[in-house]
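Remarks on the structure that follows.
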Amino acid sequence: QVQLVESGGGLVQAGGSLRLSCAASGRTFSTYAMGWFRQAPGKEREFVAAVSRSGISTYYADSVKGRFTISRDNAKNTVSLQMNSLKPEDTAVYYCAAATYSSGTRSPTQYEYWGQGTQVTVSS
């Protein structure tokens, strides 16, 4: 089992940047593929980005491609999401998730473990 704790959310103006971090504890971090999802009020949880166990392969939603970068540090048991050129439509609660069997999947049902979420608010 793995426990996930997100940090780094906050309020930022449109065009600004934020860096989210997710710290993992428990079973060996490198055995999990990792993902970031977000959920805005009244909307379903949606895929943002994912990274393979090695960190070599990354995957992005079209809406964030070119603006967001996912990375992981297996030595520090962390996964990060660098968010640049933020837009008001990026406003949501952002969740870190871990998948035991899948890698790069965009389906939230494939991720067994979730953090509590961190709020990102982008003002116009």
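Index from 1, following the sequence. Note that the structure is predicted; figures quoted are calculated from it, not measured.
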Rounded to the nearest 0.5 Å, how far does [atom2] of [Y] lie from [atom1] of [X]?
| X | Y | atom1 | atom2 | value |
| --- | --- | --- | --- | --- |
| C96 | Y113 | SG | OH | 13.5 Å |
| T78 | L4 | OG1 | CG | 11.5 Å |
| L81 | E6 | CG | CD | 11.0 Å |

- Name all residues meeting the side-chain contact (heavy atoms from CB on, under 4.5 Å) criterion together with T109; count only those two or more places apart in sequence or in a different chain, and write none if there are none.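 S107.
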- Message: For F37 and W114, I'd like to know if the aromatic rings sit close, meaning centre-to-centre distance below 6.0 Å.
- Response: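 For F37 and W114, the ring centres are under 6.0 Å apart.
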Just distance, no hydrogens or angles: give the donor-acceptor pairs under 3.5 Å from side chains in residues 58-66, sequence neighbours left out.
from: Y60; atom 1: OH; to: I70; atom 2: N; distance (Å): 2.9
from: D62; atom 1: OD1; to: K65; atom 2: NZ; distance (Å): 3.3

- Take atom CD in E44; do more than 12 heavy atoms of anything else shown fall under 6.0 Å from it?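 No, the 6.0 Å shell around CD holds no more than 12 heavy atoms from other groups.
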Heavy-atom closest pair, residues [X] and [Y]:
| X | Y | answer |
| --- | --- | --- |
| S103 | R53 | CB-NH1, 3.5 Å |
| R67 | L86 | NH1-CA, 3.8 Å |
| V122 | T91 | N-OG1, 2.9 Å |

- Task: Apply side chain to side chain contact (heavy atoms under 4.5 Å, CB included) to R38 and V93, showing your working.
- Result: CA-CA 5 Å; R38 66 187 182 188; V93 177; over 6 Å; no
- Task: Establish, yes or no, whether the cationic atom of R72 lies under 6.0 Å from the six-membered ring centre of Y32 and within 45° of the ring axis.
- Result: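 Negative - R72 is either too far from the ring of Y32 or too far off its axis.
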Could you list the donor-acceptor pairs under 3.5 angstrom formed by side chains in residues 7-21, with sequence neighbours left out?
from: S17; atom 1: OG; to: N84; atom 2: OD1; distance (Å): 2.9
from: R19; atom 1: NH1; to: Q82; atom 2: OE1; distance (Å): 3.2

- Is Y94 reachable from V51 through a run of hydrophobic residues whose side-chain heavy atoms are each under 4.5 Å from the next?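 Linked within one cluster.
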- Query: Can you tell me if Q110 and T105 form a side-chain donor-acceptor pair at under 3.5 Å?
  - Reply: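 The answer is no; no qualifying pair exists.
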